[in-house]
There are 2 protein chains.
Amino acid sequence: MRIGELARKTDVPPRMLRYYEEQGLITPRRLDNGYREYDEYLVDRVRKIRGLLDAGIPTRIIGAILPCLGQTSAIVVDDPDPELRAMLVEQHDKMIERIAFLEQNRDALTRYIDAMDHAAATGD
Amino acid sequence: MRIGELARKTDVPPRMLRYYEEQGLITPRRLDNGYREYDEYLVDRVRKIRGLLDAGIPTRIIGAILPCLGQTSAIVVDDPDPELRAMLVEQHDKMIERIAFLEQNRDALTRYIDAMDHAAATGD
DNA sequence: CTTGACCTTCACATGGGTGTGATAGTTGGA
DNA sequence: TCCAACTATCACACCCATGTGAAGGTCAAG
């Protein structure tokens with residue numbers, strides 16, 4: 001598919017798709033026109049990129065860990081690079097932290113909203 | 001405490017503490033010198049701000065939800081503003097999304113790291 | 001009284017993600 | 001054939017979080 005369709009499917013503007021390409025996160029083929037041609041699997045990939053960006057992870061890091069996030073992890077393991085491993089562990093730990101933190105705040109918001117609703121239902 | 005001590009305790013540079021103040025996230029008292037004086041409870045608050053920023057939440061939103069994240073939620077509920085409620089629910093939902101997303105990727109990283117370790121332990 | 005560590009404000013810079021517009025080439029249908 | 005919709009590249013600009021440095025005030029210790 002071309003860039004417009006991918007943009008529609010992922011709700012990510014073409015401008016950003018080109019930017020992610022520039023950052024090395026996606027590498028579409030080119031048609032004879034020069035038009036970018038995206039494979040279907042890139043839809044998922046772009047969604048993943050968006051999620052990671054929204055979670056505050058910069059493209060540099062995304063580029064590094066993206067190849068390791070596929071469900072078919074068995075294939076990719078061939079060079080036991082200790083530096084890569086350290087980095088993955090680091091990002092893994094950061095994610096755990098973020099999750100715990102967000103869970104806390106999610107619960108706090110739940111409580112607050114419930115309290116609002118309760119206050120509105122009983123007194124006023 | 002003054003800004004330097006708070007900076008040390010929270011690992012957030014003074015520059016950023018002033019910035020958060022400018023954004024309305026913290027409001028320290030002033031000594032007769034003009035020096036900022038921070039209460040102890042602001043340590044936690046700054047840590048919360050950092051966590052939210054790290055999670056990709058902009059200061060504008062942080063300012064809006066921060067008053068609702070205290071553990072003493074019972075006190076603050078007095079005006080049942082429906083707009084506020086809608087916003088809180090929106091942020092709450094976004095947090096849930098982020099959590100689910102991060103959990104997925106955390107698990108993917110876990111699997112990948114395990115696979116690396118396994119590959120290193122058996123073959124080479 | 002001076003020095004050094006702290007604080008103040010102000011301003012300018014930078015980096016990353018994003019928006020927008022100019023200019024131009026391609027394509028497919030009326 | 002021409003128009004509309006798409007695409008391409010390039011450039012400029014914006015917001016936001018952050019760094020950095022200048023110029024100066026406060027204060028405690030020597």
Side-chain angles (χ1 to χ4, degrees), chain A residues 1-39 42-43 45-66 87 91 94 97-98 101-102, chain B residues 1-40 42-43 45-66 91 94 97-98 101-102:
Chain A
M1 85 198 75
R2 288 177 309 180
I3 200 169
E5 190 179 347
L6 181 59
R8 270 187 305 274
K9 284 188 182 174
T10 59
D11 211 46
V12 172
R15 169 71 175 90
M16 283 302 100
L17 294 176
R18 300 197 186 97
Y19 176 67
Y20 300 156
E21 178 180 350
E22 189 188 315
Q23 301 303 308
L25 305 183
I26 44 182
T27 314
R29 286 172 291 108
R30 292 299 182 122
L31 300 176
D32 295 346
N33 326 350
Y35 286 14
R36 290 169 179 81
E37 175 73 4
Y38 298 89
D39 290 330
L42 287 175
V43 175
R45 198 178 170 99
V46 168
R47 294 215 179 98
K48 207 165 281 187
I49 293 171
R50 280 277 11 128
L52 292 168
L53 277 175
D54 286 344
I57 299 169
T59 52
R60 209 192 95 258
I61 303 287
I62 296 178
I65 69 175
L66 208 45
M87 200 267 266
Q91 294 304 318
K94 275 191 190 165
E97 266 183 50
R98 288 237 207 314
F101 182 82
L102 284 174
Chain B
M1 84 199 71
R2 288 177 309 178
I3 201 168
E5 190 180 346
L6 181 58
R8 270 188 304 274
K9 283 189 182 174
T10 59
D11 211 48
V12 172
R15 169 70 175 90
M16 284 301 101
L17 296 175
R18 299 195 187 99
Y19 175 68
Y20 300 155
E21 178 180 350
E22 189 188 314
Q23 302 303 309
L25 304 184
I26 45 180
T27 313
R29 285 172 291 109
R30 292 299 183 122
L31 301 175
D32 295 346
N33 326 350
Y35 286 15
R36 290 170 178 81
E37 176 72 5
Y38 297 89
D39 290 331
E40 192 64 30
L42 288 175
V43 175
R45 196 176 172 102
V46 169
R47 293 215 180 98
K48 206 164 282 187
I49 293 171
R50 281 276 12 126
L52 292 167
L53 278 174
D54 286 344
I57 299 170
T59 52
R60 206 192 97 258
I61 304 287
I62 296 178
I65 69 175
L66 207 46
Q91 294 304 318
K94 276 192 189 164
E97 266 183 50
R98 288 239 206 315
F101 181 83
L102 284 174

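Residue numbers start from 1 in every chain, and the chains themselves are labelled A, B, ... in the order their sequence lines are given, proteins ahead of strands.
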**Report entry** Pairwise side-chain contact, A:Asp54 with B:Glu97, heavy-atom cut-off 4.5 Å (strictly under)
**Finding:** no
**Report entry** Between C:dC6 (C1') and B:Leu31 (CG): distance, integer Å
**Finding:** 12 Å
Report task. Using a 4.5 Å cut-off on heavy atoms from C-beta on, say whether the side chain of A:Arg47 contacts that of A:Val12. Result -> no
Requested in this report: Return each pair, listed once, that meets side-chain hydrogen bond (donor to acceptor under 3.5 Å, both in side chains) where at least one residue sits in residues 10-20 of chain A; pairs must be two or more places apart or across chains.
Outcome: A:Tyr20-A:Arg50
Query - Partner set under salt bridge (Lys or Arg N to Asp or Glu O under 4.0 Å) for B:Arg29, not counting sequence neighbours - result: B:Asp39
Requested in this report: Output all residues satisfying side-chain contact (heavy atoms from CB on, under 4.5 Å) with A:Arg30, sequence neighbours left out; order by chain, then residue number.
Outcome: A:Glu21, A:Arg36
Query raised in the report: Can you tell me how far P of C:dC7 sits from CE of B:Met1, to the nearest Å?
Result: 12 Å
Query raised in the report: Considering residues at least two apart in sequence or located in another chain, which fulfil the side-chain contact (heavy atoms from CB on, under 4.5 Å) criterion with B:Leu42?
Result: B:Ile26, B:Tyr38, B:Arg45
**Report entry** B:Ile3 CD1 - C:dA5 P separation (whole Å)
**Finding:** 18 Å
Query raised in the report: Which letters describe nucleotides 17-30 of chain C, given B = protein heavy atom under 4.0 Å from base, S = only from sugar-phosphate, - = neither?
Result: BBBB----BBS---
Report task. Check salt bridge (Lys or Arg N to Asp or Glu O under 4.0 Å) between B:Glu40 and all other residues, then give those that pass, not counting sequence neighbours. Result -> B:Lys9
**Report entry** For atom CD of B:Glu22 and atom P of C:dA11, their distance in whole Å
**Finding:** 12 Å
**Report entry** Derivation and outcome, side-chain contact (heavy atoms from CB on, under 4.5 Å), residues A:Leu66 and A:Leu52
**Finding:** CA-CA 10 Å; A:Leu66 208 45; A:Leu52 292 168; 4.3 Å; yes
Report summary line: Min and max contacting nt of DNA chain D in 5' to 3' order, chain B heavy atoms within under 4.0 angstrom, are D:dC16 to D:dC27
